[in-house]
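By convention here, the first residue in the shown sequence is residue 1. Bear in mind that the values here come from a model prediction, so they are computed numbers and not experimental data.
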Amino acid sequence: MSTLTWSCCPCWLWLASSSFDSMSAMAPARSIRRPRESVASLAELSADLRNQVLAWLPAVALARMQAASGPFADCGRAALSARGLASLRVLHWLEAQALSFAWGGGAGIDALQVSGDDGWLTEFGSARITGTEVAALDAASPRCRWELELLRHDGLLVVGVADESMQDNAFVGVFGDGGWASVGWELPHQGGLQPVDSSRSIPVPLLRPLVHIRPARGRRVVLGLHFKQSPGYAVLELSVRLQERPDGPWIWHFLDAVSIPHLPMLRPAVSTNIGAKVRLLNGDAEI
């Protein structure tokens with residue numbers, strides 16, 4: 001019986017070393033540590049990469065960058081200009097506190113949408129926009145904002161604010177004869193914009209803005225309301241941002257502003273009739 005023996009040790013060692021080299025070459029990449037490059041600031045990024053990073057940021061973040069100092073301010077200002085949002089009025093709106101609330105009569109998706117499909121109605125927001133709740137945000141000049149996207153506009157629509165005395169069996173802005181207070185704008189589906197105030201028995205003339213405030217297939221319309229409280233009175237502003245196609249830019253337009261007396265407690269309000277439907281966009285909408 002013969003015995004097989006290795007008569008050449010160098011050959012055996014060469015085969016073994018070759019096998020180990022092949023195995024190490026197939027080892028997972030995570031076992032190899034490489035130094036990681038770090039970037040200290042946005043200014044160190046290339047222009048193309050910096051623009052790609054800024055494109056992912058919502059406009060409210062860019063507005064905060066623009067209000068800072070140094071390279072952050074320059075980057076934020078340039079990114080806002082590229083989106084057409086560099087006007088002082090838009091920046092002032094973005095810097096206001098974004099309200100997050102629900103409509104009082106619904107739950108789930110119904111807490112964000114208001115529709116007149118079952119007949120006309122008025123819904124009130126759960127947020128209170130005067131008094132200590134907003135004053136705590138900025139004692140000098142408390143400001144807040146909220147947005148409503150128009151999903152359908154084939155019927156009567158009114159947006160604005162109302163006090164806690166107003167009931168849901170009246171439209172925002174309908175003459176209340178001192179029983180309640182509500183202020184806002186009526187948006188007829190035929191076009192136009194009409195300021196309404198429950199303290200006035202005579203209606204205000206219809207305004208004719210230069211923009212078409214009506215959604216369509218592929219066209220989005222978002223109304224923005226901006227509440228500014230000052231000693232003795234408050235101002236409510238209405239603006240709109242439009243997106244003409246799904247991948248298109250948002251274009252801002254200022255529409256109107258109304259002055260209202262200082263009241264202890266107001267809340268967002270919306271009135272709809274058959275054919276009108278809106279959706280509340282909570283928090284900081286990405287623009």
Practice task
Please name the pair of heavy atoms, one in H253 and one in L242, separated by the smallest distance, quoted to 0.1 Å.
Solution key: CD2-CD1, 3.9 Å

Practice task
With sequence neighbours left out, write down each residue that passes salt bridge (Lys or Arg N to Asp or Glu O under 4.0 Å) with R208, or none if nothing qualifies.
Solution key: none

Practice task
Examine L223 and V258 and state if one hydrophobic cluster contains both, with Ile, Leu, Val, Met, Phe, Trp and Tyr joined whenever side-chain heavy atoms are less than 4.5 Å apart.
Solution key: yes

Fill in the blank from the handout: When rounded to the nearest 0.5 Å, the distance separating CH2 of W252 from CH2 of W250 is 10.0 Å

Scan the side chains in residues 269-277 for donor-acceptor partners under 3.5 Å anywhere in the protein, sequence neighbours excluded, and list what turns up.
from	atom 1	to	atom 2	distance (Å)
S271	OG	T122	OG1	2.7
S271	OG	V172	N	3.0
T272	OG1	G116	N	3.3
K277	NZ	Q113	OE1	3.4

Exercise for the section: Kindly state each residue pair satisfying salt bridge (charged side-chain N to carboxylate O under 4.0 Å, His left out) with at least one member in residues 243-254, sequence neighbours excluded. Expected result: R219-E244, R245-D247

Practice task
Heavy atoms only: give me the nearest A257-V235 pair and the separation to one decimal.
Solution key: CB-CG1, 4.3 Å

Completion exercise
Taking every heavy atom of P195 against every heavy atom of L193, the minimum-distance pair comes out as CD-O, 3.8 Å

Practice task
Supply the atom-to-atom distance M265 CE to S165 OG, rounded to the nearest 0.5 angstrom.
Solution key: 11.5 Å

Fill in the blank from the handout: Residue set satisfying side chain to side chain donor-acceptor pair (under 3.5 Å) with W185, at least two apart, ordered chain then number -> D256

Problem - L99 side chain reached by F227 side chain, heavy atoms, under 4.5 Å - result: no

Handout entry: From CD (Q229) to CG (L266), nearest 0.5 Å
Key = 8.5 Å

Exercise for the section: State, with a plain yes or no, whether a side-chain heavy atom of V221 is found less than 4.5 Å away from one of H153. Expected result: no

Fill in the blank from the handout: Smallest heavy-atom separation, P268 atom then A127 atom, equals CD-O, 3.4 Å

Exercise for the section: For F124 and M166, work out which heavy atoms get closest and say how close. Expected result: CZ-O, 3.7 Å

Problem - Any side-chain heavy-atom pair of V278 and V159 under 4.5 Å - result: no

Completion exercise
Hits for ring pair (Phe, Tyr, Trp, His ring centres under 6.0 Å) against W120, two or more places apart or cross-chain, chain-then-number order -> F171

Problem - Cluster link V211 to L238, ILVMFWY, side chain under 4.5 Å - result: yes

Practice task
Look at atom CG of D118 and say whether more than 12 heavy atoms of other residues, nucleotides or ligands are closer to it than 6.0 Å.
Solution key: no

Handout entry: Single-linkage hydrophobic cluster L112~L148, side-chain heavy atoms < 4.5 angstrom
Key = yes

Completion exercise
For residues 175-203, the salt bridge (charged side-chain N to carboxylate O under 4.0 Å, His left out) pairs (sequence neighbours left out) are none

Handout entry: From S182 atom OG to I260 atom CD1, the distance as rounded to the nearest 0.5 Å
Key = 10.0 Å

Practice task
Taking all heavy atoms of A170 and all of W180, pick out the closest pair and write down the distance.
Solution key: CB-CZ2, 3.9 Å

Exercise for the section: Please name all residues satisfying side chain to side chain donor-acceptor pair (under 3.5 Å) with R220, sequence neighbours left out, ordered by chain then number. Expected result: E149

Problem - Pairwise salt bridge (charged side-chain N to carboxylate O under 4.0 Å, His left out) hits with a residue in residues 150-164, at least two apart - result: D117-R152, R128-E164, R152-D154, D154-R214

Handout entry: V174 with L156, same ILVMFWY side-chain cluster at under 4.5 Å
Key = yes

Handout entry: Atom pair OG (S115) and CZ (R279), whose distance is rounded to the nearest 0.5 Å
Key = 13.0 Å

Exercise for the section: Group every Ile, Leu, Val, Met, Phe, Trp and Tyr by side-chain heavy-atom contacts under 4.5 Å, then state whether I129 and F101 land in the same group. Expected result: yes

Exercise for the section: Tell me, please, which residues at least two apart from H226 pass side chain to side chain donor-acceptor pair (under 3.5 Å). Expected result: R143, E237

Fill in the blank from the handout: Separation between CG (L157) and CG (L150), nearest 0.5 Å, reads 5.5 Å

